[in-house]
Amino acid sequence: MTITDIIKNATKEAITSLYGESPSQPITINETRKDFVGDFTVVTFPFTKLAKKKPDEIGEELGKKLTEEVDQVTGYNVIKGFLNLEIADSYWSNFLQSVNELTDYGQLPPTGEKVMVEFSSPNTNKPLHLGHIRNILLGWSCAQILEAAGNEVVKVQIINDRGIAICKSMLAWKKFGEGETPESSGIKGDFLVGKYYVLFQTKLNEEYAEWQSTDTADTLYTEKAKEGQSKEAFFKAYEKKYFNEYSDLGKETKALLLQWEAGDEDARALWEKMNSWVYSGFGTTYESLGVSFDKLYYESNTYLLGKDFIDDGLSKGTFYKKEDGSVWIDLEDAKLDHKLVLRSDGTSVYMTQDIGTAELRYKDFGTKKMVYVVGDEQNYHFKVLFEIMKRIGAPYADGLYHLSYGMIDLPTGKMKSREGTVVDADDLVAEVIQEARNSSTERGDLDHISEEERSEIYKKIGLAAIKYFILKVNPQKRMVFNPQESVDLQGDTGPYIQNAFVRIKSVLQKAGQSSFPLATEYTSLESVERELITILHKFPEVIQAAADHYDPSLIASFNFDLAKSYHKFYHDCKIITAETPEAKDFRLLLSSNVSKVLEKSMLLLGIEMPNRM
RNA sequence: GGCUUUGUAGCUCAACUGGAUAGAGUCCCUGACUACGAAUCAGGAGGUUGCAGGUUCGAAUCCUGCCAAAGUCACCA
């Protein structure tokens with residue numbers, strides 16, 4: 001039982017015995033704010049009705065009783081109805097000892113649950129960019145957090161490796177590529193394919209521009225344009241129709257897609273070749289970010305799945321068929337719309353695939369919980385998907401969760417691929433590492449070690465900066481990505497936290513001890529020391545909260561609090577040259593355990609600690 | 001237009017899900033290295049929590065109405 005539970009229970013009992021009635025609401029207990037004396041605060045307002053007394057009086061009576069009856073409570077004060085309880089130093093130092101004895105403090109007991117986390121899930125027609133990075137970091141971090149919370153975790157992605165977009169880059173390469181390969185050009189595979197995707201768009205634009213001066217186009221404009229609509233605006237809006245109905249490139253692309261779907265050998269071979277380039281490129285990016293997956297799903301294998309459920313649902317009346325043969329589901333009673341699940345030609349849509357894929361995954365892993373890390377533009381899609389899964393009776397339907405995150409904006413505005421403002425993942429990673437190298441070189445602390453070791457450290461620092469910068473923001477919120485701030489090494493940043501760790505490593509090394517005697521004689525704690533221990537104390541509940549809410553930003557701010565507190569402690573208290581041997585032992589023990597927790601909790605964000613920096 | 005989300009210091013973010021005087025970082029001032037690592041610490045300045053009502057002991061948080069931004073309302077993915 002935790003100390004907060006002890007206090008809660010004791011409060012409940014005390015209220016009952018004092019006022020003859022058990023409180024109906026759950027007891028709220030908070031950490032005491034820094035400007036007041038005490039560790040935990042009981043809010044007495046909710047008891048006023050029951051006790052028929054003023055909050056202050058209740059606070060006094062309750063405080064007295066709790067001090068008498070709970071060993072750990074040594075004193076109290078009441079301010080405006082808030083009862084601040086002081087916890088014995090011995091409780092905190094005993095607690096520190098117990099953390100010290102654990103090798104895996106923070107690891108929560110097994111839940112017996114298996115959770116799947118899907119993240120990244122890119123298209124294979126262009127390189128990964130900043131948006132993917134947020135997705136990847138969130139997914140990876142969530143997986144770590146869920147694991148720490150006692151779950152077995154399976155990390156997967158579904159790769160969007162087929163479809164019209166992929167065919168565009170394939171066609172462009174076929175027509176204009178002249179056999180170019182990553183080897184022949186020296187261009188990283190995913191960038192090379194991306195180059196042809198862009199080229200396709202350029203060629204299409206040219207073709208479209210030319211077409212706009214034909215008679216057909218003219219007639220169309222005069223007939224269909226809205227009043228006052230300029231030629232430019234009209235054709236801009238007409239682009240998709242043009243692609244589908246008039247464009248030669250469009251026709252060829254669609255033909256290629258049909259060939260691919262029919263299993264045409266050449267089409268498949270080209271597809272496999274170009275995809276393999278992309279995968280090798282992605283592999284490099286994932287490696288540089290330090291992430292990996294347990295299983296990859298490919299849309300080319302899953303895009304036909306899900307139809308069985310539609311048939312089954314049709315016979316049960318979950319779905320209905322329109323006259324044209326298309327199949328729909330009516331979700332109006334769930335405040336959603338009617339949604340198409342099968343086209344009139346019998347082919348499936350995105351939704352259908354997702355139904356099938358969920359089922360496939362359940363068969364593969366038996367996971368009753370699945371987390372989809374996907375941008376918030378698909379909120380509605382997942383609402384609908386989850387509702388459908390419920391209605392077709394999937395046994396895991398209640399365990400589906402959409403970890404939705406906001407788009408990333410640049411200080412200059414939205415990222416737009418068309419305007420070339422997209423930040424490439426690889427460039428960004430290289431940049432932050434370079435930045436770490438620059439500052440470190442300026443400092444000169446690492447001059448005496450090998451370049452190889454240094455590079456490792458720069459990489460850790462740079463990645464810490466970028467990862468922490470992104471993960472500290474609540475996923476739900478849109479965030480502004482300022483490149484300059486993302487490589488900051490001071491203040492509320494990853495490197496600041498690493499620095500606390502490095503300082504500890506340095507002190508421990510200088511102290512020359514590998515283990516620390518139990519410092520039971522050290523009985524009167526400095527306030528910074530107590531604060532540090534109370535933060536350590538919170539670690540398990542922070543992990544639990546982060547897992548419950550699928551929110552790494554809680555872990556990030558925990559890390560910052562701990563590091564900040566340690567920096568202050570380090571500044572205020574002498575460790576090796578402490579006043580007494582007991583103080584020295586205690587502080588070494590404290591430092592050692594802070595470093596242990598820092599390291600573990602940064603790993604929950606996918607951030608590694610250097611031993612020096 | 002309907003629905004969903006967001007709006008907090010100049011800027012980037014918090015606020016334990018209804019609790020005390022709304023906190024950090026950054027920026028701008030000011031102090032602390034012959035110190036266990038100054039990527040640090042301490043102090044100052046900076047706020048009508050988008051606006052207006054309501055609910056109650058108590059609201060950034062819940063309710064209503066506006067305002068602003070974003071997303072979505074495809075036989076696209």
Side-chain angles (χ1 to χ4, degrees), chain A residues 28-36 41 43 45-46 48-49 54-55 79-82 84 123 160 162-165 240 299 303 322 324-328 335-337 340-345 347-351 353-354 375-381 383 404 406-407 409 411 414 436 439-440 442-443 445 461 469 472-474 476-482 485-486 488-493 495-500 502-511 538 541-542 545 549 553-554 556-557 560-561 563-564 566-578 587-588 591 612-613:
Chain A
T28 52
I29 154 164
N30 308 311
E31 284 161 44
T32 303
R33 294 173 57 115
K34 277 184 189 168
D35 5 337
F36 301 103
T41 297
V43 183
F45 290 99
T48 47
K49 273 184 195 150
K54 286 180 185 166
I79 296 165
K80 295 205 290 185
F82 294 90
N84 301 321
N123 292 345
N160 215 308
R162 48 138 255 130
I164 198 81
K240 238 163 222 174
E299 204 196 306
Y303 80 108
K322 282 193 181 173
D324 62 3
S326 59
V327 180
W328 297 72
K335 289 188 174 175
L336 299 165
D337 242 321
L340 176 99
V341 290
L342 223 50
R343 296 192 185 101
S344 50
D345 63 4
T347 56
S348 55
V349 290
Y350 192 42
M351 192 63 73
Q353 287 178 45
D354 271 1
D376 64 6
E377 60 208 346
Q378 293 192 35
N379 282 353
Y380 185 75
H381 172 79
K383 258 190 194 167
S404 163
M407 299 291 108
D409 294 321
K414 289 171 73 168
S439 333
S440 178
E442 221 171 275
R443 265 171 247 280
D445 291 337
I461 298 172
F469 185 79
K472 75 173 180 175
V473 181
N474 183 321
Q476 194 188 15
K477 294 195 179 179
R478 263 184 112 83
M479 65 174 289
V480 177
F481 185 86
N482 185 324
E485 285 175 19
S486 75
D488 272 353
L489 309 173
Q490 287 155 18
D492 186 8
T493 67
Y496 171 93
I497 297 163
Q498 289 178 321
N499 184 231
V502 167
R503 282 180 135 181
I504 296 174
K505 287 288 149 187
S506 173
V507 174
L508 294 184
Q509 202 187 1
K510 287 224 165 89
K538 277 193 293 192
E541 49 185 280
V542 172
H549 297 96
S553 72
L554 298 174
S557 57
F560 179 65
D561 287 347
K564 185 177 157 71
Y566 189 82
H567 277 307
K568 186 176 166 55
F569 161 75
Y570 183 91
H571 182 267
D572 289 356
C573 303
K574 288 177 182 169
I575 300 170
I576 294 174
T577 53
R587 286 170 188 168
L588 284 171
S591 299
R612 47 169 83 172
M613 62 195 288

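Keep in mind that the numbers below use all heavy atoms, side chains included, and drop hydrogens, waters and symmetry copies.
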Exercise. Can F82(A) be called stacked on G19(B) when the rule is centres closer than 5.5 Å and an angle between planes below 30°?
Worked result: no
G23(B) phosphate, OP1 or OP2, under 4.0 Å from R33(A) side-chain N/O:
yes
Students often mix this up, so state it plainly: with edges at 30° and 60°, are the rings of F45(A) and F82(A) parallel, tilted or perpendicular? perpendicular
Here the distance between atom P of C76(B) and atom CE of M351(A), to the nearest Å, is 13 Å
Discussion item. Quick check against the 3.5 Å criterion: does H567(A) have a side-chain atom that pairs as donor or acceptor with the backbone of N499(A)?
Written reply: no
Base A20(B) to side chain T41(A), donor-acceptor N/O within 3.5 Å cut-off: yes
On RNA chain B, more 5' by nearest nucleotide between R503(A) and Y496(A) is R503(A)
- request: Looking at every strand, decide which applies to V542(A) at a 4.0 Å heavy-atom threshold: base, sugar-phosphate, or nothing.
  value: nothing
- Query: Is atom CD of Q509(A) surrounded by more than 12 heavy atoms (other residues, nucleotides or ligands) closer than 6.0 Å?
  - Reply: no
Under a 3.5 Å limit on both distances, the Watson-Crick or wobble mate of A39(B) is none
- Query: When rounded to the nearest Å, what value does the distance between P atoms of U5(B) and G44(B) take?
  - Reply: 40 Å
D488(A) atom CG is separated from C13(B) atom P, nearest whole Å, by 13 Å
*Ionic contact status for D445(A) with R612(A), cut-off 4.0 Å*: no
Atom CG of N474(A) and atom P of U12(B) are separated, to the nearest Å, by 16 Å
To the nearest angstrom, the NE2-P distance between H571(A) and A38(B) comes to 9 Å
Of K80(A) and K510(A), the one whose closest nucleotide on RNA chain B sits nearer the 5' end is K80(A)
Legend entry - Phosphate OP1/OP2 of U4(B): any K335(A) side-chain N/O under 4.0 Å: no
Using a 6.0 Å distance limit plus a 45 degree cone around the ring axis, check whether R162(A) lies over the aromatic ring of Y303(A). yes
* Asked: Looking only at side-chain N and O atoms, does S557(A) come under 4.0 Å of OP1 or OP2 in A14(B)?
  -> no
Quick tally for nucleotides 69-74 of chain B: nucleotides whose base has a protein heavy atom under 4.0 Å get B, sugar-phosphate-only ones S, the rest -, giving -SSSSB
For G18(B) and U55(B), measure between their C1' atoms and round to the nearest Å. 12 Å
Worksheet item: Would you say a side-chain N or O of K505(A) is under 4.0 Å from OP1 or OP2 of G37(B)?
Response: no
Rounded to whole Å, the CG-P distance (D409(A) to A68(B)) equals 19 Å
- Donor on one side chain, acceptor on other, S404(A) and N379(A), under 3.5 Å: yes
Expected label for U17(B) (glycosidic angle, syn inside 90° of 0, else anti) would be syn
### Task
Ignoring backbone atoms, establish whether K568(A) has a side-chain N or O less than 4.0 Å from OP1 or OP2 of A42(B).
yes
Query - Sugar-phosphate, base or nothing in reach of Y570(A), heavy atoms under 4.0 Å - result: base
To the nearest angstrom, the CD-P distance between E31(A) and G23(B) comes to 15 Å
Practice prompt. Indicate, with a heavy-atom threshold strictly under 4.0 Å, whether Q498(A) touches base, sugar-phosphate, or nothing.
Written response: nothing
- Message: Could you tell me how far G46(B) sits from U12(B) if I compare only their C1' atoms? Round to whole Å.
- Response: 15 Å
Exercise. For nucleotides G58(B) and A22(B), find the distance between their C1' atoms and express it as a whole number of Å.
Key: 14 Å
